[in-house]
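One structure is given here, and the rest of the page talks about it.
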Protein chains: 2
Amino acid sequence: MTGEEPLDAVDAKLLLALADEPRAPVMALSQRLGLSRNTVQARLGKLERRGALQSFERRIDPAALGYPMSAVITTRVTQRRLEEVADALSRIPEVVEVDGLSGDTDLLVRVVAVDADDLYRIAGQVLASPGVERTSTALVMRRLVGHRLAPLLERSAERPGSPAD
Amino acid sequence: MTGEEPLDAVDAKLLLALADEPRAPVMALSQRLGLSRNTVQARLGKLERRGALQSFERRIDPAALGYPMSAVITTRVTQRRLEEVADALSRIPEVVEVDGLSGDTDLLVRVVAVDADDLYRIAGQVLASPGVERTSTALVMRRLVGHRLAPLLERSAERPGSPAD
DNA sequence: GTTCAGTTGAGCAATCTGCTCAGTGTTGTC
DNA sequence: GACAACACTGAGCAGATTGCTCAACTGAAC
């Protein structure tokens, strides 16, 4: 068991509605879903308590903030120093995301930058972080599919049970 | 010029406040920022119109939806078929993000899955997509630094001018 | 000196919020 | 079948919030 039961169809529909109108008042949502205001409010509260909603920061477009350039830096790290490295990386403001991976590369570091020079500087900082052995920087030239979850939400919204049955 | 001027300090503060309380009413935001309600409303409207706020879907935690497993699949693609491949990938619901990269690997594909079997299946679908030559799947074992933008926002909130001066 | 965008404070009717309560299924259990 | 647990519903209420518009003020640019 995952500890929390996965969301049900109603939750999925609620999230879809929110995806469409993020700042929609509860009233609008309840009408849209054909549920009572009470229910929607309870569901929303449960979603938040459950931690199903991540930080609002994820919605902010770095480009609009003045960082139009984005890159992924795959890094190889001295074993057993992952924590330390992650900590060092988190101190670089332009590092927006770090994932620990299995396989050849240990870390996937996502950074944003103002321009090419800026990116060069940041990549240097990543490489200079204690514990980092080797890095490889790849520019994000184009966002082919923006982060989306709607397809999975729609699946959940239709089926009653768990996502994969 | 980027086409749109970057956000200013007020915008950054507004976004920071929203990051703290995503569903805060405009009134609360205006009090918090020491600005008039009118101004906050105007700013918010401008942010949305400008496209500075991305889809709400980004805030939804796939794990809560029932997809606790995440992986990045780097793929090599037949040249000139990027569009086609991206289109094919976008039809796989579990593909949540696709970036076109410079360098050795052409595509960075982020997928979520219910479990290891599911991931195996999805990786197979990615590889089977027309135009995909080779793939390499790496499991996201741990999120070291969750997607965040606050450090950059705070920088913008303090300095009056552009993000890097 | 004038124009212009951004901000402010005020006002208004309509709506929304947070909260509580009791009633109504729908389940699952013994 | 009886019963408890649970989610959903409809209703109510005081108070806050929204969307909108207006006129006035500020600072900067020209």
Side-chain angles (χ1 to χ4, degrees), chain A residues 1-53 56 59-61 64-66 153 156-163 165, chain B residues 1-53 56 59-61 64-66 153 156-163 165:
Chain A
M1 214 172 290
T2 63
E4 311 121 353
E5 45 185 295
L7 311 188
D8 66 5
V10 175
D11 292 312
K13 281 178 191 152
L14 178 55
L15 289 173
L16 277 171
L18 273 173
D20 196 40
E21 293 180 274
R23 284 190 71 81
V26 176
M27 285 286 281
L29 297 173
S30 66
Q31 289 184 327
R32 182 159 174 172
L33 299 193
L35 295 172
S36 80
R37 179 167 77 96
N38 246 337
T39 301
V40 171
Q41 217 146 29
R43 292 282 188 157
L44 261 188
K46 200 177 292 181
L47 284 178
E48 286 194 358
R49 256 177 283 117
R50 197 184 301 197
L53 295 182
F56 176 86
R59 284 197 54 203
I60 304 172
D61 182 7
L65 237 191
L153 281 174
S156 293
E158 288 170 11
R159 309 194 184 179
S162 49
D165 41 12
Chain B
M1 211 175 292
T2 63
E4 312 122 351
E5 45 184 295
L7 311 189
D8 66 6
V10 176
D11 292 312
K13 280 178 191 154
L14 179 54
L15 290 173
L16 277 171
L18 273 173
D20 196 40
E21 294 181 273
R23 284 190 73 81
V26 176
M27 283 287 280
L29 296 173
S30 66
Q31 289 184 328
R32 183 160 172 170
L33 299 192
L35 296 172
S36 80
R37 179 168 77 95
N38 245 339
T39 301
V40 171
Q41 217 145 31
R43 292 283 187 156
L44 261 187
K46 199 178 294 180
L47 284 178
E48 288 193 359
R49 254 176 284 116
R50 195 184 302 193
L53 296 181
F56 176 86
R59 283 198 55 203
I60 304 173
D61 183 7
L65 238 190
L153 282 174
S156 292
E158 288 170 13
R159 309 193 184 180
S162 49
D165 43 12

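Lettering follows sequence order; numbering is per chain, from 1. Every value quoted in this text rests on a predicted model; they were computed, and no experiment measured them.
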Within a strict 4.5 Å, meaning less than it, do heavy atoms of the B/Glu48 and A/Arg23 side chains meet?
-> yes
Would you tell me if any nitrogen or oxygen in the side chain of A/Thr39 comes within less than 4.0 Å of OP1 or OP2 on D/dT9?
-> yes
In whole angstrom, give the distance that lies between atom CZ of B/Arg50 and atom C1' of C/dG6.
-> 13 Å
Do B/Leu15 and B/Leu53 come close enough that some side-chain heavy atom pair is under 4.5 Å?
-> yes
note: B/Asn38, atom CG; D/dT21, atom P; distance rounded to Å ~ 11 Å
Please tabulate, one pair per line, each protein N/O and nucleotide N/O from nucleotides 13-16 of chain C that are separated by under 3.5 Å, including the distance.
none

Separation of C/dG6 P from B/Gln41 CD (nearest whole Å) | 16 Å
Selection from D/dA11, C/dG9, D/dC8 that lies nearest to any side-chain heavy atom of B/Ser36 = C/dG9
Side-chain heavy-atom pair A/Phe56, B/Leu16 within 4.5 angstrom cut-off = no
Taking atom C1' of C/dT7 as reference, at what distance in whole Å does atom CG of B/Leu14 sit?
-> 15 Å
Rounded to whole Å, CD of A/Glu21 lies from C1' of D/dG19 at a distance of 15 Å
Looking at every strand, decide which applies to B/Arg23 at a 4.0 Å heavy-atom threshold: base, sugar-phosphate, or nothing.
-> nothing
Apply the test side chain to side chain contact (heavy atoms under 4.5 Å, CB included) to residues A/Asn38 and A/Arg43: give CA-CA distance (whole Å), side-chain angles for both, the deciding distance (0.1 Å), then the verdict.
-> CA-CA 9 Å; A/Asn38 246 337; A/Arg43 292 282 188 157; over 6 Å; no
Could you walk me through whether A/Leu29 and A/Leu35 pass side chain to side chain contact (heavy atoms under 4.5 Å, CB included), step by step?
-> CA-CA 8 Å; A/Leu29 297 173; A/Leu35 295 172; over 6 Å; no
Nearest whole angstrom, please: distance from the P of C/dT7 to the CG of B/Leu44.
-> 12 Å
Calculate the interatomic distance between B/Asp8 atom CG and D/dG27 atom P; express it in whole Å.
-> 17 Å
Side-chain touch A/Ser156/B/Leu65, heavy atoms, less than 4.5 angstrom | yes
Which is it for B/Asp20 and B/Arg32 under the salt bridge (Lys or Arg N to Asp or Glu O under 4.0 Å) test, yes or no, and what are the steps along the way?
-> CA-CA 11 Å; B/Asp20 196 40; B/Arg32 183 160 172 170; 2.9 Å; yes
Measure from CZ on A/Arg43 to P on D/dC6 and round the result to the nearest Å.
-> 15 Å
